[in-house]
Amino acid sequence: AHAHNIRLHDLVLSNGTATSSTVNFTNNAVYGSYCDYCEIDHITVTSTSGLYAIAMVNPSHLRVSDNSLQNFGNAGIMVLDNSNAQIQDFIIKNNVVNGCVNLTTPGIGITCYGISVAGSADSTPVTNTIHADIFDNYITNIGGWTCIDSHGALALKIDHNYCLNSYFGI
């Protein structure tokens with residue numbers, strides 16, 4: 001079942017401390033699956049012991065904006081589409097993302113992303129089309145990997161983002 005027209009707004013979340021030695025697949029600050037026409041805005045995450053500050057799997061028409069995300073294990077904002085659906089009108093804007101802890105994931109290695117919009121979790125080619133606009137984000141201290149990542153995603157527009165202190169920019 002899909003959730004429709006959900007808005008998370010004006011929250012402060014903290015649930016543990018991110019460490020580079022522990023892979024914690026739970027305790028993500030915000031995690032959702034199959035959310036259609038959902039908005040996540042004005043959320044402050046001060047620290048999470050989970051992999052993600054914000055993670056959405058198989059969303060549709062998603063907006064993630066005006067959030068402040070600090071100290072996370074793998075990604076500040078992670079969006080995965082494993083359903084091979086058509087994702088349209090997808091926007092990530094005006095977020096401040098800081099502090100990936102260089103998490104070493106078993107079988108994968110060091111992975112840190114400020115923002116990741118991915119067609120699959122493992123870079124497998126997919127047949128879906130992800131139309132995403134990623135703009136006006138301020139991303140810092142993503143040591144170990146990528147400021148803005150798009151493995152497997154198609155039709156991305158990435159404009160006016162600030163990336164500092166990451167292994168790769170985009």
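Computation of the quantities below employed the complete heavy-atom set of this structure, encompassing side-chain atoms and omitting hydrogens, waters and symmetry-equivalent molecules. Because the structure is a prediction, the values reported are computed rather than measured.
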Determine, stepwise, if the pair F72 / Y52 fulfils side-chain contact (heavy atoms from CB on, under 4.5 Å). CA-CA 6 Å; F72 43 85; Y52 313 116; over 6 Å; no

Could you verify whether a donor N or O on one side chain and an acceptor N or O on the other, from D149 and S116, lie under 3.5 Å apart? yes

Flag the pair I92 / F135 as yes when at least one side-chain heavy-atom distance between them is below 4.5 Å, and no otherwise. no

Heavy-atom closest pair (A29 atom, A53 atom, distance to 0.1 Å) is CB-O, 3.2 Å

If you take all heavy atoms of C147 and G169, which pair is closest and at what distance? CB-O, 3.0 Å

Quick one, V79 and L62 - any side-chain contact, counting heavy atoms below 4.5 Å? yes

Any chance you could measure I170, atom CD1, to C163, atom SG, to the nearest 0.5 Å? 6.0 Å

Contact between V96 and L69 at the side-chain level, heavy atoms closer than 4.5 Å - yes or no? no

With side chains defined as the heavy atoms from C-beta onward, is the minimum distance between Y113 and N74 less than 4.5 Å? yes

Nearest 0.5 Å please: distance from the CG atom of N27 over to the OG atom of S49. 4.0 Å

Please report the shortest heavy-atom distance between V117 and L156, naming the atom on each side. CG1-CD2, 4.2 Å

Sequence neighbours left out, what passes ring-ring contact (aromatic ring centres under 6.0 Å, His included) with Y167? Give chain and number order. none

Is it true that the side chains of H2 and D36 contain a donor and an acceptor less than 3.5 Å apart? yes

For N94 and S65, test the side chains for any donor-to-acceptor distance below 3.5 angstrom and give the result as yes or no. no

Drop me the distance from D133's CG to R63's CZ, to the nearest 0.5 angstrom. 9.0 Å

Less than 4.5 Å apart, any side-chain heavy atom of Y162 and any of T140? yes

For S166, which of N141, I139, I142 qualifies under side chain to side chain contact (heavy atoms under 4.5 Å, CB included)? I142

Note, I54 side chain near Y31 side chain (heavy atom, < 4.5 Å): no

Taking a hydrophobic cluster as the set of Ile, Leu, Val, Met, Phe, Trp and Tyr residues connected by side-chain heavy atoms closer than 4.5 Å, whether directly or through intermediates, do V12 and V64 fall within one such cluster? no

Rounded distance (nearest 0.5 Å) linking atom NZ of K93 with atom CG of N67: 11.5 Å

Only one of V97, N95, I134 forms a side chain to side chain contact (heavy atoms under 4.5 Å, CB included) with N161, so which one is it? I134

Less than 6.0 Å separating the ring centroids of Y37 and H4? no

Where N98 and Q70 come nearest, the two heavy atoms and their spacing: ND2-OE1, 2.9 Å

Side-chain heavy-atom pair T48, N71 within 4.5 angstrom cut-off: no

Which value, rounded to the nearest 0.5 Å, describes the distance between N5 atom CG and H61 atom NE2? 10.5 Å

Would you list the pairs meeting salt bridge (charged side-chain N to carboxylate O under 4.0 Å, His left out) in which at least one residue belongs to residues 45-62, sequence neighbours left out? none

Give every donor-acceptor pair under 3.5 Å between a side-chain atom in residues 38-45 and any protein atom, sequence neighbours left out.
{"residue": "D41", "atom": "OD1", "partner": "R7", "partner atom": "NE", "Å": "2.9"}
{"residue": "D41", "atom": "OD1", "partner": "R7", "partner atom": "NH2", "Å": "3.4"}
{"residue": "D41", "atom": "OD2", "partner": "R7", "partner atom": "NH2", "Å": "2.9"}
{"residue": "D41", "atom": "OD2", "partner": "H9", "partner atom": "ND1", "Å": "2.6"}

Same hydrophobic cluster for I77 and L8, using side-chain heavy-atom links shorter than 4.5 Å among ILVMFWY? yes

